[in-house]
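All values below come from the heavy atoms of this structure, side chains included, with hydrogens, waters and symmetry mates left out. All chains are named by letter (A, B, ...) in the order of the sequence lines, taking the proteins before the strands, and each is independently numbered beginning at 1.
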Amino acid sequence: MDLVLENIPFLLKGAYYTLLITVVSMFFGLIIGLLAAIARIKGNRFVRNVARAYVSIIRGTPPLVQIVIVYYGLVDYGIELGPLTAAYIALSINIGAYVSEAFRGAIQSVPKGQTEAALATGMTEKQAMRRIIIPQAIRYAIPPLGNTFVGMLKETSLVSVIAVTELMRSAQLLVAQYYVYMPFYLSIGIMYWLMSNSY
Amino acid sequence: MIDIKGLYKNYGSHQVLKNLNLTIPAHQVVAVIGPSGSGKSTFLRCINGLEEMTQGKITVNGHEIDANASKKVWQKAIYAIRQETGMVFQQFNLYPHKTVIENVTEAPIVVKKMQKEKAYTIASALLKRVGLSDKENVYPSQLSGGQQQRVAIARALAMEPKLMLFDEPTSALDPELVGEVLKVMKSLAEEGMTMIIVTHEMNFAKNVADRILFMADGVIVEDANPKAFFKRPQTNRAQQFLQQVTEF
Ligand SMILES: Nc1ncnc2c1ncn2[C@@H]1O[C@H](COP(=O)(O)OP(=O)(O)O)[C@@H](O)[C@H]1O
Ligand SMILES: [Mg+2]
């Protein structure tokens, strides 16, 4: 226990990176996800298929594989990313797929009469989408987005494999230094739990 | 003002509208009646392009939509028609995330790019006209059905339409709220608005409309003067229908 208290600043720094990665990835994921959702609902056949393939591939492959592809795989093509940058990119792309599903569901749960009412007053499809549908869809999307956010918070632990010193890797480093496991892993477990429940 | 030629509408192999032809002059109030599923809503929705017709030609205020026209030409005409045509739905379809007055100012601001201040002045006057001055800043969910439908009428009027389409505007209302909505519609009719009203309110149709269209199975079976129609419908189909709706 003393060991944990002694190393709290180090663990807190890890927690800071965990949160940072979560928030940054969530931010870009929201943008990617909104675009993908609109592409799937309103795009032409080609755009729709591209968006659908994106969602299907991301949801059908382990995030760990996605992370190593971005960090290690791209090196083969001369693209060397820093670990943190690779983490942002891989996780933003990952979360975008889940966000797009949340948005798509939300947009589709706005009753059809809303679009019709807007079109009947002379709005274009785009205006109806922006002024009438999306503001309502955002409300429907908040609960699933909250779940996605918590999921992302936990998933960031995966980027410890590419040497980003977030919370998980902070604990691993301490374990390697002191040769005790439980206190550190238990502590970060509690820290993840606290963060998940306080957003 | 409205000219419809050879209008057909199919859903897959199901023919819902079968060769409608009619002309409606400006300021006429037309009541469309007929059994459920006869194509009344579809007919109305073809006029402002919420449904795409399968065949035929519709001209509204000189804007022509033709089933054979390219998508682009069709879109352009339909936008022009919609800006001059108000529509009122059975389920009101007010925007729940906007206040009553925002519901009314939305289209003038977004579609006509009207100055906010002017849009609010117009909206206030319209809400006064439908008797809802005290509700400007509440949300639709706080209103009764009758009040919501009156807001929906004000929302449509805010675009200063030349034509108003009503699709069973009182069918979703509790009986005691029907009157307040019909009253607003009657005053519009008296001011000379061109109106097409799908309704089951036979008394309203008889007393307010200038013309009755009786539809069955996608066809206009009778096109008649209300007095004559309600006194003595010409077809069996219409006689049966009137008997059914006036029983009890
Ligand atoms: N979107 C649709 N897809 C398939 N069939 C439809 C659709 N909308 C309406 N119909 C059918 O078209 C017919 C006419 O419907 P509608 O115009 O709503 O009739 P009414 O308003 O007179 O009750 C009905 O048989 C209905 O089932
Ligand atoms: Mg109907």
Does [atom1] belonging to [X] count more than 12 external heavy atoms closer than 6.0 Å?
X: B:Glu117; atom1: CD; value: no
X: A:Tyr17; atom1: OH; value: no
X: A:Lys112; atom1: NZ; value: no
X: A:Tyr178; atom1: OH; value: yes
X: A:Tyr54; atom1: OH; value: yes
X: A:Asn44; atom1: CG; value: yes
X: B:Gln115; atom1: CD; value: no
X: B:His200; atom1: NE2; value: yes

Using heavy-atom distances under 4.5 Å, tell me whether B:Lys112 contacts chain A through its side chain, its backbone, both, or neither.
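When you check distances to chain A, no heavy atom of B:Lys112 falls under 4.5 Å.
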Closest approach of B:Val111 and A:Thr121, non-hydrogen atoms and distance?
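Where B:Val111 meets A:Thr121 most closely, the heavy atoms are CG2-O, 3.9 Å.
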Are there residues of residues 127-139 of chain A whose heavy atoms fall under 4.5 Å of chain B's heavy atoms? If so, which?
A:Gln127, A:Arg131, A:Ile132, A:Pro135, A:Gln136, A:Arg139
How about residues 74-88 of chain A versus chain B: which residues have heavy atoms under 4.5 Å apart?
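Counting heavy atoms that sit under 4.5 Å from chain B, no residue of residues 74-88 of chain A is involved.
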Report the residues that fulfil side chain to side chain donor-acceptor pair (under 3.5 Å) with A:Ser56, sequence neighbours left out, ordered by chain and then residue number.
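Once residues adjacent in sequence are excluded, A:Ser56 has no partner under the side chain to side chain donor-acceptor pair (under 3.5 Å) criterion.
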Just by distance, do the side chain of B:Asn93 and the backbone of A:Gly113 share a donor-acceptor pair under 3.5 Å?
yes
With only heavy atoms counted, which part of A:Thr124 is less than 4.5 Å from chain B, the side chain, the backbone, both or neither?
both
Quick check on the structure: residues of residues 59-91 of chain B within a heavy-atom distance below 4.5 Å of chain A, by number.
B:Tyr79, B:Arg82, B:Gln83, B:Thr85, B:Met87, B:Phe89
